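Worksheet for the structure shown next.
Proteins come first, then strands; the chains are lettered A, B, ... in the order of their sequence lines, and each starts at number 1. Computed from a predicted structure; not experimentally measured.
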Amino acid sequence: METTNNIISIRGLYKRFPMGKDEFTALHDINLSFGTGEFAGLIGPSGSGKTTLLNIIGSLDVPTQGEAIVLGRSIGKLSPRESARLRKESLGFIFQSYNLLAVHTVYENVEFPLLLLNYTESERQKMVLDALEWVGLSPKIKSKPPQLSGGECQRVAIARAMVKKPRLVLADEPTANLDAANSHHILQTMEKLNRELKTTFIFATHDEKVISYLKRRIYLLDGRVDNEELTEAI
Amino acid sequence: MKTAIKLAYRNLIGAGLRTWLNVIVLSFSFVIIIFMKGIMTGWDYQAKTDMTNWQIGGGQYWHEAYDPYDPFTFSDSHAPVPSGMQEEISRGNAMAQLIVQGTLYPAGRMVQVTIRGIDPGQQVLQIPTARLDTLTDAIPALIGSMMAKNSRLKEGDYVTLRWRDAAGTFDATDVIIAGIFATNVPAMDAGQIYIPLDTLRALALLPGEASILTFRESEKQRTELPGWKWMSKPELTREVDELIKTKQTGQTVLYAILLLLAMLAIFDTQVLSIFRRQKEIGTYIALGYTRQQVVGLFTVEGSMHAVLAAVTGAIYGVPFLAWQAKVGWTLPMEASEFGMAMAQTLYPVYSLGLVATTVLLVTITTAIVSYIPSRKIAKMNPTDALRGKLQ
């Protein structure tokens, strides 16, 4: 799908990993584009390459062949510093196991990306409180992750990903550790943020609950795009 | 850097007991190193002050034949006090001593002694010579407490003293122990007996002669005197300097062991952190840190142990060190048995330079020890780190 407001453009992308003396090809000739405000998902079973593709889009990894242009920058050509800058300024990550900083409070976890962006203390405070209000965690501001439930932890992770209002949020199996009620709560929160802030969300998932919320579904199988479907006009 | 410091501080405080155990061990290193170095500085200061007050004053002229380590030189090491020096002596700025070898017979035993003739009215040295200014039926003599203990003499005892005069004739007389003094300078005590200068001059047939001339002030430039050699204060205290230097070298080994123990704890914590906190490392990278910045963060985190240790050390160390400086550290055994200028109670002396050097040394060492294991992060694959996969 090609639109004029593409923020991600992937062309002939391959990713190979060394495996002993041989190579394992995790992604074969991927060609995809994503526009602003999409709520899309990479769907597939374990080993289908969805996390690998998400990592490349998030500039945590580089393609072996082909090109991935994210927000105008070619991932394979970025220096470590440029790559870190892209993640810091424009990307938000949500992980399956939350990846919160255990010894920091909810407030400090959400504040972390803003510290890297050198916001002033008062700016940070306002942005963190806003983000925690979006996810409904204002009363838990002083709690630490071990004191929170799984759903609350993931909401903190969403607040952390959204606090700097990034253009793109990448969520890797965000509901895998959550029960149905919490999963729906999380997904509704993300859907609302997508609608209100026009942030692009890309998921890597095989969870039916997540799939049911997606407006664009890209099915991966053995490292190839197997099928793609839209649930509403984008 | 500011962000790294802020994060490192949060991580350390958040880590709780693990951090504080390391910090307390490291703070012991700070306090003990400063205390031991303070003792050394105090000992150095005290030894030199005592030597100055009791033995060497502001410097001495020695008769050119005089060698304090060779008693056989004593018979030849005397000469008339140079005329220019008499004025200084009469003004109280200098004093003369005549040194003669002798033998003491306490309770029938024979003890080799150095007989020192000293002016009872002198005020250059702290030795209480005024006690020699007394009228008795025997020659009044002063001895140190160590000498009194070894020869089992006490105040008021009579004892026979034998010497050889300038003509080579042996003679003997009874002396009375007019006083026993306590000093931290063994050279003024062990094997020494003090009698009035004029009396010794008469006994040894050496009128107007002296072996050493001691000055009150050290600043003054001394002219060369034929037949005499000038011994400046630094020359006379050189042995103490060398002794302290030797002691300090030995102590450095102790500091190294202390630091090594503390550093081992820091190194261990760093290695364990990198092993256990892989997901966290991956998260830092995902949120916008470069791997080098994460290395920096972990290094700052490790180094901050030293900063917290300095603060913790200050909390209990400052009162402890101040108390020690006031009451001193009393040696568990007799200091006089060491055979060197050493008080029974040593008072540590601390300087800003000592504290600053110690803090700097420990902080730099901690930073290096923290950095070495943290370099591993630079080789980590962030996607594996995010999954917590061991690398």
State whether the number of non-hydrogen atoms from other residues, nucleotides or ligands found under 6.0 Å of [X] atom [atom1] is greater than 12.
X: A/Arg224; atom1: CZ; value: no
X: B/Asp241; atom1: CG; value: yes
X: A/Glu67; atom1: CD; value: yes

**Item:** Residue part contacting chain B, namely of A/Glu82, when any heavy atom lies under 4.5 Å
**Value:** neither
With a 4.5 Å heavy-atom cut-off, do [X] and [Y] have their side chains touching?
X: B/Thr283; Y: A/Phe93; result: no
X: A/Leu101; Y: B/Glu280; result: yes
X: A/Arg85; Y: B/Thr290; result: no

**Prompt:** What are the two closest heavy atoms between B/Lys279 and A/Ser97, and how far apart are they?
**Reply:** NZ-OG, 2.8 Å
**Message:** Which heavy atom of B/Gly14 sits nearest to which heavy atom of A/Lys144, and what is that distance?
**Reply:** CA-NZ, 4.5 Å
**Prompt:** Relative to chain B, which of A/Glu108, A/Lys88, A/Arg160 shows the most heavy atom pairs under 4.5 Å?
**Reply:** A/Glu108
**Message:** I need the B/Leu386 CG to A/Asn55 CG distance, nearest 0.5 Å.
**Reply:** 7.0 Å
**Prompt:** What's the spacing between A/Leu114 CG and B/Leu287 CG if we round to 0.5 Å?
**Reply:** 10.5 Å
**Message:** Quick check: under 4.5 Å, non-hydrogen atoms only, which of residues 115-125 of chain A neighbour chain B?
**Reply:** A/Leu115, A/Leu116, A/Asn118, A/Arg124
**Contacting moiety of B/Ala15, where chain A heavy atoms sit under 4.5 Å** = backbone
**Prompt:** Just by modelled atom types, is the A/His104 backbone N or O under 3.5 Å from a matching donor or acceptor in the B/Arg10 side chain?
**Reply:** no
